[in-house]
Amino acid sequence: MVGMEYTQLGRTGLKVSRLVLGTMNFGPQTDEADSHAIMDAALDAGINFFDTANVYGWGENKGRTESIIGTWFAKGGGRRDKVVLATKVYGNMGADGPAWPNHDKLSAVNIRRAVDASLKRLQTDHIDVYQFHHIDRDTPFEEIWQAIDVLVQQGKILYVGSSNFPGYKIAQANEIAARRGGTIGLVSEQCLYNLAERRAEMEVIPAAQEYGLGVIPWSPLHGGLLGGVLKKEVEGGRRASGRAADALNDPATRARIQSYEDLLDKHGVEPGEAALAWLLTRPGVTGPIVGPRTAEQLASAVRAAELELSEELLTGLDEIFPGPGPSPEAFAW
């Protein structure tokens, strides 16, 4: 455990590492053996918080990622006991196309079904943090919390988190939990948050802080955009894809990314490591999710956790990627 820092997850007594191992690439990008090796390396580095979702594996292979984690747990060696395991519910787990009624979202029926299916794939008897992958506009929180209370009493889940929730839904969920009594409510929010996408600072993160939720940013490199993408184009001819490629089609964004890479070059810091280290300085952030495809990408993330960014560099990053400012001032005047 090389100097990994730990923090409480929101207002809970649960201690988690400041880096979260994201597993979305396990199956689609990384085979089972390499995925197992990455999880072993994560534990060796002191990372104890692993994040997944029932839909990971995607398409015909939904559930594959949870199954890969399950076979890793089954190897023993204290693996399951060392891990704070987080997975998610919401998506349609059937073959691609419209879901069979009640086979997606957050009805009590689907929550019960989805938990049992995840536990089977994960080869464990409990999920530490069960996360709602998206808001369900059709299901009242009274129903959701009643379903969760039963699962907590059964020992199948311990804590509940949200993902991709707006600030008002975090407030609504926890106010209804408080009114019902006996329900701890949401303890974490997993949101899109990085240097290039700071809108979460306006409402989501303040709501999370106010209600005692830990914030777990996903896509900390914004789909590779913040990982030295222009330098890679020049040096290795590796062109950006996905979200990063779309963003670079905009000349203003390309110029901003060039300024970002030039600034980090001047300070002698790797772009991807700086983007992760920046998130670790942000108020309310528990730890970003890193989704390595390879052992080297994991090693880079671990280095980022030990990186100290100077005030000068932090100021420079703010100038290139200014945040929206606090709510309501950001939009009111």
Side-chain angles (χ1 to χ4, degrees), residues 1-26 30 35-54 56 65-66 68-70 72-73 77-89 118-119 122-124 126-133 157-164 184 186-194 205 208 212-221 275-277 279-282 284-293 295 297-307:
M1 268 168 44
V2 208
M4 179 57 64
E5 280 186 32
Y6 299 88
T7 188
Q8 308 300 129
L9 180 63
R11 65 190 184 283
T12 74
L14 188 64
K15 280 189 178 172
V16 294
S17 49
R18 300 268 351 247
L19 286 181
V20 184
L21 181 71
T23 59
M24 193 167 70
N25 288 317
F26 296 174
T30 308
S35 299
H36 284 193
I38 288 170
M39 287 187 277
D40 283 332
L43 278 191
D44 289 345
I47 297 171
N48 76 333
F49 199 4
F50 288 20
D51 175 75
T52 192
N54 59 355
Y56 290 172
T65 304
E66 284 187 334
I68 287 172
I69 297 168
W72 181 74
F73 283 150
R79 285 172 170 84
R80 177 64 188 94
D81 289 343
K82 289 175 182 171
V83 168
V84 174
L85 174 64
T87 191
K88 307 185 196 77
V89 56
S118 283
L119 289 171
L122 289 160
Q123 298 193 46
T124 186
H126 73 285
I127 292 157
D128 298 304
V129 185
Y130 200 50
Q131 302 163 111
F132 307 132
H133 213 157
I157 62 174
L158 299 178
Y159 302 95
V160 178
S162 56
S163 181
N164 308 308
I184 190 172
L186 301 173
V187 303
S188 61
E189 160 60 18
Q190 192 178 131
C191 59
L192 175 60
Y193 181 39
N194 55 54
I205 293 170
L213 279 67
V215 174
I216 307 164
W218 62 265
S219 197
L221 305 188
L276 284 172
L279 279 168
L280 289 168
T281 70
R282 303 307 301 160
V285 167
T286 301
I289 296 176
V290 296
R293 288 190 306 275
Q297 287 177 345
L298 176 66
S300 171
V302 171
R303 288 194 297 273
E306 297 167 358
L307 191 60

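A quick note: this is a predicted structure, and the numbers were derived from the prediction, not measured.
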Participant: Spell out, as yes or no, whether a donor-acceptor pair under 3.5 Å connects the side chain of Gln131 to the backbone of Val89.
Facilitator: no
Participant: With side chains defined as the heavy atoms from C-beta onward, is the minimum distance between Met39 and Ile68 less than 4.5 Å?
Facilitator: yes
Participant: So do the side chains of Leu21 and Ile38 get within less than 4.5 Å of each other, counting heavy atoms only?
Facilitator: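 Leu21 reaches Ile38 side chain to side chain.
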Participant: Between atom CZ of Arg80 and atom CZ of Phe73, what is the distance when rounded to the nearest 0.5 Å?
Facilitator: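 If we round to the nearest 0.5 Å, Arg80:CZ and Phe73:CZ are 4.5 Å apart.
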Participant: If you look at every heavy atom in Pro220 and Leu279, which pair is closest and at what distance?
Facilitator: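 Pro220 and Leu279 have their closest heavy atoms at CB-CD1, 3.4 Å.
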Participant: Treating Asn25 as the side-chain partner and Gly291 as the backbone partner, does any N or O pair qualify as donor plus acceptor under 3.5 Å?
Facilitator: yes
Participant: Rounded to the nearest 0.5 Å, how far does CG of Leu122 lie from CZ of Phe50?
Facilitator: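 The CG atom of Leu122 is 12.0 Å from CZ of Phe50, to the nearest 0.5 Å.
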Participant: Please tell me if the side chains of Ile216 and Asp51 come closer than 4.5 Å, counting only heavy atoms from C-beta onward.
Facilitator: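 The answer is no, as the side chains (C-beta and beyond) never meet within the 4.5 Å cut-off.
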Participant: Measure the CG-CZ distance between Leu85 and Phe49 for me, rounded to the nearest 0.5 Å.
Facilitator: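 Going from CG on Leu85 over to CZ on Phe49, the span is 9.5 Å.
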Participant: Compare every heavy atom of Thr286 with every heavy atom of Gly214, then report the nearest pair and how far apart it is.
Facilitator: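 Looks like CA-OG1, 3.1 Å.
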Participant: Just verifying a value: how many Å separate Glu189 CD and Trp218 CH2, rounded to the nearest 0.5 Å?
Facilitator: 11.0 Å
Participant: Between atom CE of Met4 and atom CD1 of Ile47, what is the distance when rounded to the nearest 0.5 Å?
Facilitator: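 If we round to the nearest 0.5 Å, Met4:CE and Ile47:CD1 are 4.5 Å apart.
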Participant: For Pro292 and Thr30, which heavy atoms make the closest approach, and how far apart are they?
Facilitator: O-OG1, 4.4 Å
Participant: Looking only at non-hydrogen atoms, find the nearest pair between Ala45 and Val302 and report the distance.
Facilitator: CB-CG2, 3.8 Å
Participant: Give a yes or no on whether the backbone of Asn48 and the side-chain of Ser17 come within a donor-acceptor separation of less than 3.5 Å.
Facilitator: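 Looks like yes, one N/O pair under 3.5 Å.
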Participant: Please examine the side chains of Asp40 and Arg79, heavy atoms only from C-beta on, and report whether any two atoms are closer than 4.5 Å.
Facilitator: yes
Participant: Report yes if the side chains of Arg303 and Leu276 come closer than 4.5 Å at any heavy-atom pair, otherwise no.
Facilitator: no
Participant: So, the side chain of Ser163 versus the backbone of Phe132: is there a donor-acceptor pair under 3.5 Å, distance only?
Facilitator: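 Here the side-chain-to-backbone pair does not exist.
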Participant: Are any side-chain N or O atoms of Gln8 and backbone N or O atoms of Gly13, one a donor and one an acceptor, separated by less than 3.5 Å?
Facilitator: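 Yes, because the side chain of Gln8 sits within donor-acceptor range (under 3.5 Å) of the backbone of Gly13.
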Participant: Around atom CD of Glu5, are there more than 12 heavy atoms from other residues, nucleotides or ligands closer than 6.0 Å?
Facilitator: no
Participant: Got Val290 and Leu221 here, is their nearest side-chain heavy-atom distance under 4.5 Å?
Facilitator: no
Participant: To the nearest 0.5 angstrom, please state how far the OH atom of Tyr193 sits from the CD1 atom of Ile205.
Facilitator: 4.5 Å
Participant: Check whether any side-chain heavy atom of Cys191 sits under 4.5 Å from a side-chain heavy atom of Asn164, and report yes or no.
Facilitator: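 No, side chains not in contact.
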Participant: Measure across Leu280 and Pro288 and return the closest heavy-atom pair with its distance rounded to 0.1 Å.
Facilitator: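 Leu280 and Pro288 have their closest heavy atoms at CD2-CD, 3.7 Å.
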Participant: I want to know whether Trp72 and Phe26 have ring centres closer than 6.0 Å.
Facilitator: no
Participant: Have a look at Glu66 and tell me which of Thr87, Thr23, Thr124 forms a side-chain contact (heavy atoms from CB on, under 4.5 Å) with it.
Facilitator: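 Only one of Thr87, Thr23, Thr124 forms a side-chain contact (heavy atoms from CB on, under 4.5 Å) with Glu66, namely Thr87.
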Participant: Going by side-chain contact (heavy atoms from CB on, under 4.5 Å), Leu9 matches just one of Leu213, Val84, Val129, Asp128. Which one?
Facilitator: Val129
Participant: With distance as the sole test, does Lys88 use its side chain to make a donor-acceptor pair with the main-chain N or O of Asn54 at under 3.5 Å?
Facilitator: no
Participant: Measure from the side-chain N and O atoms of Asn194 to the backbone N and O of Ser219, and report whether any donor-acceptor pair falls under 3.5 Å.
Facilitator: yes
